[in-house]
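Residue numbers run from 1 in the order of the sequence given. Small disclaimer: the values here were computed from a predicted structure and weren't measured.
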Amino acid sequence: MLPKRKRAAVFLPLVSLYWFSFYAYSPVLTEYVRGFSTSQMAGTIIASYGLMQMLLRVPVGILSDRLRTRKVFVTVGTVLGGIAAVGLALFPTSGMALLFRGLSGVAVTTWVPFSILFSSYFTKEQASRAMGIINAFNFGGQMAATLLGGYLADAMGNVQWAFFLAAGAAALAAVLSLFTVDQEKSDFGTHRMSFSDVLQVGKNKKLLLASILSMLAQFAAFAMIYGFTPTFAKENVGVTSAQLGVMTTLVTLPAIFSSALASKFAKLVGGLNRAIAITFLISAIYAVCVPFITDLYAVYAAQFLFGFARGISTGILMGYAIEDISPEKRATAMGFYQAIYGVGMTLGPQMVGLFGKSAVGETNLAGLTTGFFVVAAIQLAGAVLTILLIKRPSASAGGAVLEKVDGTPV
């Protein structure tokens, strides 16, 4: 068996391939779906990805803890991701797209045991560092996927090739998953998770706050970046499939580095609260500006800035969520965390799609713009919530404690 210090090096390429399989077609997905459905239905299809995560991530986390295995879930997730990609390519109808996009959401629920398995290769004190590293490879896989998927769709003259590329990456990930080292049974302890244990995990105040803030962040990302920003770019700038790929890549590229350096950024700006609040403010500015951008390079710049902010918030909030959770309960906690932020992934595209309601093949830019303004208001609320509930314990480097609104420790 590989020593712990070498397991991470074997595991990280698998992480990149896993996320590659979900994002190779993300630059073209909204416009692909809008070719055979309304904007409202397109929003529903995109939202089904988050809905499945919202419903299943806690059960998957609990099941992983009870079965005392992570590796099986890792393999199942890669296989389901490949099936979803092939189904989306071969069955271009609203009903089938809804089914297979939902299946991709089921596949992503295995990210719960995925991330916990990786964190088991590190000590408890290194939880935030572990999350920063795995998210860097997560975003790296996404970046390569969006760039290659967009260019392949353009080169082949058919967006379906992006889905086939995703399926190929999923197949490679499935093979690689067979060679990973599962979490040691001793890490789970002797106690089996009960329903009361699950409720107790869900009451952890750091976990609750991190989950709510992440939900607001994902609301914006899936409403705009993976929702209707491509529609504005198509209508206002006339971008190609390859340029859509570059756009999504420019969201992912800075996130690779900012996620890994999130804790350093928090120290630089004076604490977790300020770091997270800044990311919400950047997201709000993005939401207000995007509907009015008519220059391709301005779109690229906006994407890069949003990606930087997203990497910071992801790196900080994932580590913060499980910081005080014991190893045998971390998959359950991560399932809870990811289920809550799945609410944002579900409601974001649904809401903007509802504002932009139109007939098949038509675009209601005025309605979509209103939807983006609502997203901006929600992001500003997230910044306020962060400042109210996360306070620095001192003027020293970047640590934070959870407090009530009145300032007393919880």
Side-chain angles (χ1 to χ4, degrees), residues 12-30 32-33 45-54 56-57 60 73-90 97-115 118 134-150 152-153 159-177 218 221-222 225-227 230 244-245 247-249 251-253 255-256 259 307 310-311 314 338 341-342 344-346 348-349:
L12 289 171
L14 167 60
V15 170
S16 292
L17 285 170
Y18 173 79
W19 284 106
F20 188 107
S21 71
F22 298 113
Y23 281 83
Y25 52 82
S26 67
V28 299
L29 180 62
T30 301
Y32 172 68
V33 171
I45 291 168
I46 295 165
S48 66
Y49 175 81
L51 177 62
M52 291 299 101
Q53 296 177 58
M54 180 178 68
L56 297 178
R57 271 182 156 159
V60 167
F73 291 90
V74 169
T75 301
V76 169
T78 60
V79 172
L80 291 181
I83 294 172
V86 171
L88 284 166
L90 297 183
L98 182 63
L99 172 65
F100 285 108
R101 184 57 173 165
L103 183 62
S104 71
V106 175
V108 172
T109 63
T110 62
W111 182 239
V112 175
F114 235 109
S115 52
F118 184 73
I134 195 173
N135 276 311
F137 280 81
N138 169 344
F139 288 128
Q142 292 181 32
M143 183 190 72
T146 53
L147 186 61
L148 293 176
L152 182 62
V159 297
Q160 289 172 314
W161 280 96
F163 296 93
F164 294 136
L165 177 64
L172 288 175
V175 172
L176 193 56
S177 72
Q218 294 289 357
F222 277 78
I225 298 298
Y226 305 115
L244 285 173
M247 280 174 53
T248 312
T249 299
V251 169
T252 311
L253 177 62
I256 296 173
S259 177
R310 187 165 182 244
T314 300
Q338 293 179 8
Y341 79 51
M345 296 165 67
T346 303

Problem - Ser48 side, atom OG; Gln53 side, atom CD - distance, nearest 0.5 Å - result: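 Rounded to the nearest 0.5 Å, the OG-CD separation comes out at 10.0 Å.
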Handout entry: Nearest-0.5 Å distance, CD1 of residue Ile225 to CD of residue Gln218
Key =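 Rounded to the nearest 0.5 Å, the CD1-CD separation comes to 11.5 Å.
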Taking C-beta and beyond as the side chain, do [X] and [Y] meet within less than 4.5 Å on heavy atoms?
X: Arg101; Y: Leu29; result: yes
X: Leu17; Y: Phe137; result: no
X: Leu244; Y: Thr248; result: no
X: Leu14; Y: Val74; result: yes
X: Trp111; Y: Ile134; result: yes

Just to verify, what does [X] make a side chain to side chain donor-acceptor pair (under 3.5 Å) with, not counting sequence neighbours?
X: Thr75; result: Ser177
X: Thr110; result: Tyr18
X: Ser26; result: none
X: Thr146; result: Thr249

Could you list the residues that satisfy side-chain contact (heavy atoms from CB on, under 4.5 Å) with [X], not counting sequence neighbours?
X: Leu165; value: Phe20, Ala24, Leu148, Leu152
X: Leu99; value: Met96
X: Val79; value: Ile83, Ala174

[X] versus [Y], closest heavy-atom pair with distance:
X: Thr252; Y: Gln142; result: CG2-CB, 3.5 Å
X: Met52; Y: Thr109; result: O-CG2, 3.8 Å
X: Gly344; Y: Pro349; result: O-CD, 4.3 Å
X: Ala166; Y: Ala85; result: CB-CB, 3.9 Å
X: Phe164; Y: Ala89; result: CE2-CB, 3.7 Å
X: Ala162; Y: Val28; result: CB-CG2, 4.3 Å

How would you list, by chain and number, every residue that makes a ring-ring contact (aromatic ring centres under 6.0 Å, His included) with [X], sequence neighbours excluded?
X: Tyr25; answer: Phe163
X: Tyr226; answer: Tyr23, Phe222
X: Phe73; answer: none

